[in-house]
Each structure stands twice: as structure tokens, then as C-alpha cells.
Amino acid sequence: MTLRLYYSEMSPTSRAVLLTAQAIGLELELVPINIVCGEHLTSEFKAMNPQHTIPTLDDDGF
């Protein structure tokens, strides 16, 4: 199973997660989120992460 990372290129925290994953050889399915358009404020994203923060890591629903 591949972990799914919801991220934004504008987010320094997202870049840190991406660099760390690369350094340890962790394979991630990348799902870009456009925070300028408010994609992190949709009801679907809030259901997954009520704090609607980025990055968000989805490990089979957890």
C-alpha cells in the first residue's frame, strides 16, 4: 500500500515532508492541493482532516 500525501508546493511543511520521505526512501502518492483556490476548505477535505491543514497524510483512511 502507498501512503497518500495531500500537499501544496507553497507550503514549507509540505516540502519538509517531501524531503524527509525522499531521504528515507518512502514512496508517496502525491495529491496536490491548491490552497489559493481553497481546495483545503472543501467538505471532503475537512472530513479527512477537520483542521484542514496541509500537508495531510492518508494511510488507508487513517
Side-chain angles (χ1 to χ4, degrees):
M1 170 190 359
T2 303
L3 300 173
R4 184 175 294 137
L5 180 69
Y6 294 85
Y7 77 104
S8 171
E9 291 182 2
M10 295 174 47
S11 165
T13 311
S14 292
R15 290 192 299 270
V17 171
L18 291 168
L19 287 171
T20 301
Q22 183 181 22
I24 64 172
L26 182 62
E27 186 177 324
L28 297 171
E29 178 185 339
L30 301 177
V31 181
I33 298 292
N34 188 335
I35 59 175
V36 174
C37 293
E39 290 181 357
H40 64 300
L41 301 175
T42 63
S43 57
E44 294 85 12
F45 193 85
K46 284 184 180 181
M48 179 176 43
N49 181 349
Q51 295 179 328
H52 53 85
T53 55
I54 296 178
T56 296
L57 187 63
D58 178 14
D59 182 4
D60 197 27
F62 181 72

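The line from CD of Glu27 to OG1 of Thr2 is 4.5 Å long, rounded to the nearest 0.5 Å. Once rounded to the nearest 0.5 Å, the distance linking CE of Met48 with OG1 of Thr42 reads 7.5 Å.
When all heavy atoms are compared, the tightest approach of Ile54 to Ser11 is O-OG, 3.8 Å. Of all heavy-atom pairs between His40 and Lys46, the closest is O-CG, 4.4 Å. Between Arg15 and Glu9, the closest heavy-atom pair is NH1-O, 2.7 Å.
At least one side-chain heavy atom of Tyr7 sits under 4.5 Å from a side-chain heavy atom of Leu18.
The only option from Leu26, Ile24, Leu19 that meets the side chain to side chain contact (heavy atoms under 4.5 Å, CB included) definition with Gln22 turns out to be Leu19. The residue from Leu57, Ile33, Asp58, Val31 that alone fulfils the side chain to side chain contact (heavy atoms under 4.5 Å, CB included) condition with Leu5 is Leu57.
Partners of Asn49 by side chain to side chain contact (heavy atoms under 4.5 Å, CB included), not counting sequence neighbours, listed by chain and number: Phe45, Gln51, Thr53, Thr56. Taking the salt bridge (charged side-chain N to carboxylate O under 4.0 Å, His left out) definition, one finds that Glu29 meets it with Arg4, sequence neighbours left out.
When the shell of 6.0 Å around CE of Met10 is examined, it contains 12 or fewer heavy atoms from other residues, nucleotides or ligands.
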